[in-house]
Amino acid sequence: MISLKDKILVIGACGQLGAELTLELRKIYGDAQVVAADIAVPKQRELAESGPFEILDVLDRHHLADLAYKHEFTQIYHLAAVLSATGEKRPKFTWKINMKGLENILDLTLEKGIAKVYWPSSIAVFGPNTPRQHTPQHTIMDPNTVYGISKLAGERFCEYYATRYHLDIRSLRYPGLISYKALPGGGTTDYAVDIYYKAVEEVPFECYLAEDTYLPMMYMPDALKATLELMHAPTENIKIRSSYNLTAMSFSPAEIAASIQKHIPDFKITYKPDYRQQIAASWPETIDDSVAQQDWNWQPDYDLPRMTQDMIENLRKQKAGL
Ligand code: SER
């Protein structure tokens, strides 16, 4: 349900997802109703100029409370997190940002009576003993990255707050997200973004994953659609209060390279797996998102060929300064 009286805070608004989600929310609710917040000022002009922006460190509870008092938020999208690859370099920092950040948001939600919260989870909640094909909604979860552990703990925490305090918290387990507007930062799936940039620049791409490493992925328009559909679905449809499995496609580096070569035949890829190979190897290859399909009619629009065409078209326009 959409109310134009809603006042929304997007934390992590300069990130890969936040940058686009903030603009979508502004289209729906009105520019002034959506406050973008991040730890640093945005590089994207559109983001800074289209509506209010606040510098915010999610660990700063007092500043969070001040902002909530000033703006009277009714909804929060808490997107700030350290991702999987960066997380392995700074485990304790990652745990602090991801867990303390979430705790601060949940407490603020309780204190201020905020009506609805969105918090993203990830395929990283799964681990080496999870079934890797058509990974079900409910299954073995033994993540072995600090990012995955923080997301799984976060899921349990969200469900606990939803059940115990009746908070309306909604969440999706995103697969790797691919987009051309804002770059991802520090994930294991980032190669699938970088590869398109290199292809359009006409330079060879060295992949840090092995050629047959399959991972679940999604094009940004589908991620935006899923997030907004979930948040706008009637409360009684939201039966999962941990986080919903979600997917659009699965491919390997060799397959994405082949799909690029259909447009750019001279594109070259080489493989030099590094520490991220082990992270990828602990995650599912394909995801069963039938519960999301049943509960709120989830359906993606983009497969690999359609995404490749759109990515190349848009990156070429950007390169030409259009
Ligand atoms: N894209 C994320 C990562 O690679 C997974 O959620 O860390």
Query raised in the report: Of Ser150, Ser171, Ser121, which meets side-chain hydrogen bond (donor to acceptor under 3.5 Å, both in side chains) against Glu155?
Result: Ser121

Provide the closest heavy-atom pair for [X] versus [Y] in the form atom of the first, atom of the second, distance.
X	Y	result
Ala68	Phe73	CA-CD1, 3.7 Å
Ala48	Pro42	CB-CG, 3.7 Å
Ala13	Asp38	N-OD2, 3.3 Å
Val200	Lys319	O-NZ, 3.2 Å
Ser50	Arg26	OG-NH1, 2.7 Å
Met217	Ala192	CE-CB, 3.9 Å

Going from [atom1] on [X] to [atom2] on [Y], what distance comes out if it is rounded to the nearest 0.5 angstrom?
X	Y	atom1	atom2	value
Ser122	Arg173	OG	CZ	9.5 Å
Ile123	Ile287	CD1	CD1	6.0 Å
Ser243	Gln137	OG	CD	7.5 Å
Tyr77	Leu228	OH	CG	5.5 Å
Lys225	Gln299	NZ	CD	7.0 Å
Asp31	Leu25	CG	CG	11.0 Å

With distance as the sole test, does [X] use its side chain to make a donor-acceptor pair with the main-chain N or O of [Y] at under 3.5 Å?
X	Y	value
Ser290	Gln293	no
Thr130	Phe126	no
Asn237	Ala233	no
Lys151	Pro120	yes
Asn98	Ala81	no
Asp295	Ile238	no
Lys181	Ala19	no
Thr163	Glu159	yes
Asp60	His63	yes
Gln261	Phe267	yes

Within a radius of less than 6.0 Å around [atom1] of [X], do more than 12 heavy atoms belonging to other residues, nucleotides or ligands occur?
X	atom1	result
Lys5	NZ	no
Glu236	CD	yes
His263	NE2	yes

Query - Working for ring-ring contact (aromatic ring centres under 6.0 Å, His included), residues Trp296 and Tyr244 - result: CA-CA 11 Å; Trp296 43 277; Tyr244 278 97; 5.7 Å; yes

May I ask whether [X] and [Y] are part of the same hydrophobic cluster, defined by side-chain heavy atoms of I, L, V, M, F, W, Y residues being less than 4.5 angstrom apart, directly or through others?
X	Y	value
Leu56	Leu47	no
Met311	Phe251	yes
Ile114	Met231	no
Phe157	Val58	yes
Ile279	Ile195	yes

Among side-chain atoms of [X] and [Y], is any donor-acceptor pair under 3.5 angstrom?
X	Y	value
His134	Glu285	no
Asp6	Thr74	yes
Asn129	Asp142	yes
Gln318	Asn314	no
Thr145	Glu88	no
Thr109	Tyr161	no

Query - Trace of the side-chain contact (heavy atoms from CB on, under 4.5 Å) decision for Ile11 with Ile76 - result: CA-CA 8 Å; Ile11 303 172; Ile76 299 180; 4.0 Å; yes

Query raised in the report: Within 45° of the axis and under 6.0 Å from the centre of the six-membered ring of Tyr160, does NZ or CZ of Arg164 qualify?
Result: no

Query raised in the report: Within 45° of the ring axis of Tyr118 and under 6.0 Å from its six-membered ring centre, is that where the NZ or CZ of Arg170 lies?
Result: no

Requested in this report: I would like to know whether Tyr208 and Thr188 meet side chain to side chain donor-acceptor pair (under 3.5 Å); could you show each step before the answer?
Outcome: CA-CA 9 Å; Tyr208 56 74; Thr188 301; over 6 Å; no

**Report entry** salt bridge (charged side-chain N to carboxylate O under 4.0 Å, His left out) between Arg306 and Asp310, intermediate numbers included
**Finding:** CA-CA 6 Å; Arg306 226 185 131 198; Asp310 204 63; over 6 Å; no

Query raised in the report: Should Asp107 and Arg61 be marked as a salt bridge (charged side-chain N to carboxylate O under 4.0 Å, His left out) after you check the CA-CA gap, both sets of side-chain angles, and the distance that decides it?
Result: CA-CA 9 Å; Asp107 286 345; Arg61 289 177 81 100; 3.2 Å; yes

Query raised in the report: So does Asp168 pair up with Arg241, basic N to acidic O under 4.0 Å?
Result: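 Here Asp168 pairs with Arg241 in a salt bridge, since their nearest N and O are under 4.0 Å apart.
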
Query raised in the report: Is Lys198 salt-bridged to Glu201, cutoff N-O under 4.0 Å?
Result: no

Requested in this report: For Asn144 and Ile149, run side-chain contact (heavy atoms from CB on, under 4.5 Å): C-alpha distance rounded to whole Å, both residues' side-chain angles, the deciding distance at 0.1 Å, then the answer.
Outcome: CA-CA 7 Å; Asn144 59 8; Ile149 297 167; 5.8 Å; no

**Report entry** Step-by-step side-chain contact (heavy atoms from CB on, under 4.5 Å) determination, Ile97 to Leu59
**Finding:** CA-CA 7 Å; Ile97 296 283; Leu59 299 181; 3.9 Å; yes

Requested in this report: Any chance you could lay out the side chain to side chain donor-acceptor pair (under 3.5 Å) test for His71 and Glu54, step after step, and finish with the verdict?
Outcome: CA-CA 11 Å; His71 293 284; Glu54 301 273 4; 2.9 Å; yes

Report task. Determine, stepwise, if the pair Thr213 / Gln277 fulfils side chain to side chain donor-acceptor pair (under 3.5 Å). Result -> CA-CA 8 Å; Thr213 312; Gln277 180 63 36; 3.1 Å; yes

Requested in this report: Kindly indicate, with the supporting measurements, whether the criterion salt bridge (charged side-chain N to carboxylate O under 4.0 Å, His left out) is fulfilled by Glu24 and Lys27.
Outcome: CA-CA 5 Å; Glu24 286 305 307; Lys27 274 190 219 154; 2.9 Å; yes

Query raised in the report: When the ring planes of His232 and Tyr29 are compared, do they come out parallel, tilted or perpendicular, using 30° and 60° as the limits?
Result: tilted

**Report entry** Gln16 vs Leu177 side-chain heavy atoms within contact, under 4.5 Å
**Finding:**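 They are in contact (side-chain heavy atoms under 4.5 Å apart), so the answer is yes.
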
